[in-house]
Amino acid sequence: MERIIKIYRDPLELSYAIADELIKILNDAALRGGHINIALSGGNTPRTLFATIGNNYSKNINWKSADFFWSDERCVPPDSPESNYKLAKETFLDKIKMPAKHIHRIKGEQNPEEEAERYSAEVRNKTASALGVPRFDVIFLGIGEDGHTASIFPGDERVLTSNKICEVAIHPSTLQKRITLTLHTINNARKIFFMATGISKAEIVAEALNNPGNPLVPSSMVNPHSGEIYWFLDNEAASSLSQLA
Ligand code: 6PG
């Protein structure tokens, strides 16, 4: 696993840098007549990225070379303000006029256990490698202050050790049900794009980067076995990083 840490002045500069990386991947795919599968992250951090792409990269980009999925979703309706899909749709996918057939949302309004099965089948059908295991080209991830990523929460052994494509998880404080890609799926990706901004993430980012493989910090368990992991950080989120080994 190759780890690349990129640090930027602020969320806007970080967003342009990620957008440029994504466009490069898209163009490479388009040049070889290929296709890429991207899983988007949720929460607030991607807002600036989605708006940057939606407002500045809607024309002359090979967006139809991509299909969009989600790393996780809250079990809420698609029009809920908590929906990760709603955020991406309104700020990004609608702006680039992404056809619905390229968008594979997790249906948070459905029965969680049934939807986890349905979404897993859709992910398998669209992204399975020759070995039949889902292999995303890019998975975006955020990191919570408690070290969670996607909806893989600290100490959730069931989800952390699952060999399924995705699982139903429960947020430890709100008890909200979530559907999340598992580490098993995440660690089979070609590229992981972690994004973290703001001083509130500084300590947990340093912890995750300095002490990999800790189940109490699920973000530190992301370790793509044959892929690259990029950490896109702004100065504040990177401010506790000592000289990394
Ligand atoms: C979610 C995300 C979650 C998020 C982190 C960081 O559904 O909330 O998938 O893993 O990325 O909690 O959230 P913020 O970007 O809001 O800090």
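Side chains included, hydrogens not; waters and symmetry mates left out as well; all remaining heavy atoms used. What you see is a predicted model; the values in this text were computed from it and never measured. Ligands are counted one by one from 1 in listed order, and the atoms in each one are counted from 1 as well.
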### side chain to side chain contact (heavy atoms under 4.5 Å, CB included) between Thr197 and Tyr8, intermediate numbers included
CA-CA 9 Å; Thr197 58; Tyr8 301 91; over 6 Å; no
### Message
In this structure, would Val76 and Ile179 fall into the same cluster of hydrophobic residues linked by side-chain contacts under 4.5 Å?
### Response
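In one cluster with Val76: Ile179, no.
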Identity and separation of the nearest protein heavy atom to [atom]:
atom	value
atom 5 (C) of ligand 1	His148 NE2, 3.5 Å
atom 4 (C) of ligand 1	Gly42 O, 4.0 Å
atom 9 (O) of ligand 1	Asp72 OD1, 2.6 Å
atom 13 (O) of ligand 1	Gly43 CA, 4.1 Å

Any atom of ligand 1 sitting under 4.0 Å from a heavy atom of [X]?
X	value
Met195	no
Ser71	no
Glu145	no
Arg74	yes

Do the ring planes of [X] and [Y] sit parallel (below 30°), tilted (30 to 60°) or perpendicular (above 60°)?
X	Y	answer
Phe140	Phe193	perpendicular
His148	His171	perpendicular
Trp63	Phe92	perpendicular

Backbone or side-chain N or O of [X] under 3.5 Å from ligand 1 N or O:
X	answer
Thr149	no
Ser41	no
Ser151	no

### Query
Can you tell me if Asn214 uses its side chain to pair, donor with acceptor, with the backbone of Ser220 under 3.5 Å?
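No: the side chain of Asn214 does not pair with the backbone of Ser220.
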#### Entry: Identity of the nearest option to atom 3 (C) of ligand 1, non-hydrogen atoms only, from Gly142, Gly198, Ala150
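The option holding the nearest heavy atom is Ala150.
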### Query
If you measure from atom 15 (O) of ligand 1 to every heavy atom of Thr45, Ile204, Leu40, which option wins on shortest distance?
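Heavy atom nearest to atom 15 (O) of ligand 1 belongs to Thr45.
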### Message
With heavy-atom distances below 4.0 Å as the criterion, list the atoms of ligand 1 near Lys201.
### Response
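Close to Lys201: 6 (C), 14 (P), 17 (O).
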### Message
So if I count the atoms of ligand 1 from 1 in the order they appear, which ones are less than 4.0 Å from some heavy atom of Arg178?
### Response
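The list of qualifying atoms is 1 (C), 7 (O), 8 (O).
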### Task
Taking the side chain as every heavy atom from C-beta outward, state whether Asp20 and Tyr57 have any atom pair closer than 4.5 Å.
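Heavy-atom side-chain distance check passes, below 4.5 Å.
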### Query
Charged N to carboxylate O below 4.0 Å: is that the case for Glu90 and Lys86?
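Counted as a salt bridge, because a side-chain N and a carboxylate O are separated by less than 4.0 Å.
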### Task
Salt-bridge test for Lys6 and Glu21: reply yes if a basic N is under 4.0 Å from a carboxylate O, no otherwise.
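Judged by the 4.0 Å cut-off on N to carboxylate O distance, Lys6 and Glu21 do form a salt bridge.
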### Query
Can you list the steps and then say if Arg105 with Glu122 is a salt bridge (charged side-chain N to carboxylate O under 4.0 Å, His left out)?
CA-CA 10 Å; Arg105 75 177 179 94; Glu122 188 167 20; over 6 Å; no
